[in-house]
Amino acid sequence: MAGVFEIYVKTHFSAAHALTGYDGDCSRIHGHNWMVEVSIQCRKLDDVGIGIDFKDVKDAVEEITQGLDHCMLNDHPAFQSVNPTSENVAMFLYKQLGSHLNNEYTKVSRVKVFEAPGAGAAYWEE
Ligand SMILES: Nc1nc2c(c(=O)[nH]1)N=C([C@H](O)[C@H](O)COP(=O)(O)OP(=O)(O)OP(=O)(O)O)CN2
Ligand SMILES: [Zn+2]
């Protein structure tokens, strides 16, 4: 069986949201410093010994999260028909990042999103 490397990048953005249909305070507008952890599987290293450069991953995450940073997530096109929960934000980032970074040797394997250090969700596809 071939070996696989997993590369991790953590970043963050700040945004507000409100959960439609939620029975509690979270149905009102409130904000979080969202933390994002991206995992990427690499099946090949380059001559330097790098699977995918952290910088390239951070640039891709930044390109996507800049559309969320300091925004009301409910106003974003991705969250017009689904609530911007941690689950749905993780799925959005996973799909967006995959379209930027996946190739023959590299695959976005999981995206975790935390609304607070102790509360978050992950999304991946099998
Ligand atoms: N599975 C999920 N549960 C909840 C989500 C979510 O996205 N996925 N989101 C919320 C709210 O957005 C809420 O802001 C976060 O909940 P919580 O961690 O309870 O936030 P608090 O700041 O209220 O935490 P306390 O420890 O109670 O102060 C709710 N659930
Ligand atoms: Zn919240």
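Both counts, for ligands and for their atoms, begin at 1 and track the order of listing. Keep in mind that the numbers below use all heavy atoms, side chains included, and drop hydrogens, waters and symmetry copies.
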Can you name the nearest heavy-atom pair linking [X] to [Y], along with the distance?
X    : Y    : answer
A121 : A90  : O-CB, 4.1 Å
D69  : S14  : OD1-N, 2.9 Å
I7   : G51  : CD1-CA, 4.3 Å
K107 : N102 : CA-OD1, 3.3 Å

Enumerate the atoms of ligand 1 whose separation from the nearest heavy atom of [X] is less than 4.0 angstrom.
X    : value
L19  : 9 (N), 10 (C), 11 (C), 12 (O)
A119 : 18 (O)
H17  : 12 (O)
E87  : 1 (N), 2 (C), 6 (C), 7 (O), 8 (N)
H30  : 11 (C), 12 (O), 13 (C), 14 (O)
S86  : 6 (C), 7 (O)
E115 : 5 (C), 6 (C), 7 (O), 9 (N), 10 (C), 11 (C), 12 (O), 13 (C), 14 (O), 15 (C)
H32  : 12 (O), 14 (O)

Within 4.0 Å of [atom] (strictly less), any protein heavy atom?
atom                    : answer
atom 22 (O) of ligand 1 : no
atom 14 (O) of ligand 1 : yes
atom 1 (N) of ligand 1  : yes
atom 7 (O) of ligand 1  : yes
atom 18 (O) of ligand 1 : yes

Using a distance threshold of 2.8 Å, state whether an N, O or S atom of H32 lies below it from the Zn ion (ligand 2). yes
Of all N/O/S atoms in E115, which lies nearest to the Zn ion (ligand 2)? OE1
Part of C26 with heavy atoms under 4.0 Å of ligand 1, whether side chain, backbone, both or neither: side chain
Any idea which part of D25 is under 4.0 Å from ligand 1, heavy-atom wise: side chain, backbone, both or neither? neither
H100 and side chain to side chain contact (heavy atoms under 4.5 Å, CB included): which single residue from V57, V108, I64 fits? I64
Between the main-chain N or O of L19 and the side-chain N or O of N83, is there a donor-acceptor pair closer than 3.5 Å? no
Keeping the roles fixed (side chain from H12, backbone from K10), state whether a donor-acceptor pair exists under 3.5 Å. no
Applying side chain to side chain donor-acceptor pair (under 3.5 Å), run through E6 and Y8 and close with a yes or a no. CA-CA 7 Å; E6 200 158 47; Y8 306 101; 3.0 Å; yes
Distance flag, aromatic centroids of F92 and Y123, threshold under 6.0 Å: no
Side-chain donor-acceptor pair present, E62, T11, cut-off under 3.5 Å: no
On the 0 to 90° scale, with breaks at 30° and 60°, tag the W34-H17 ring pair as parallel, tilted or perpendicular. perpendicular
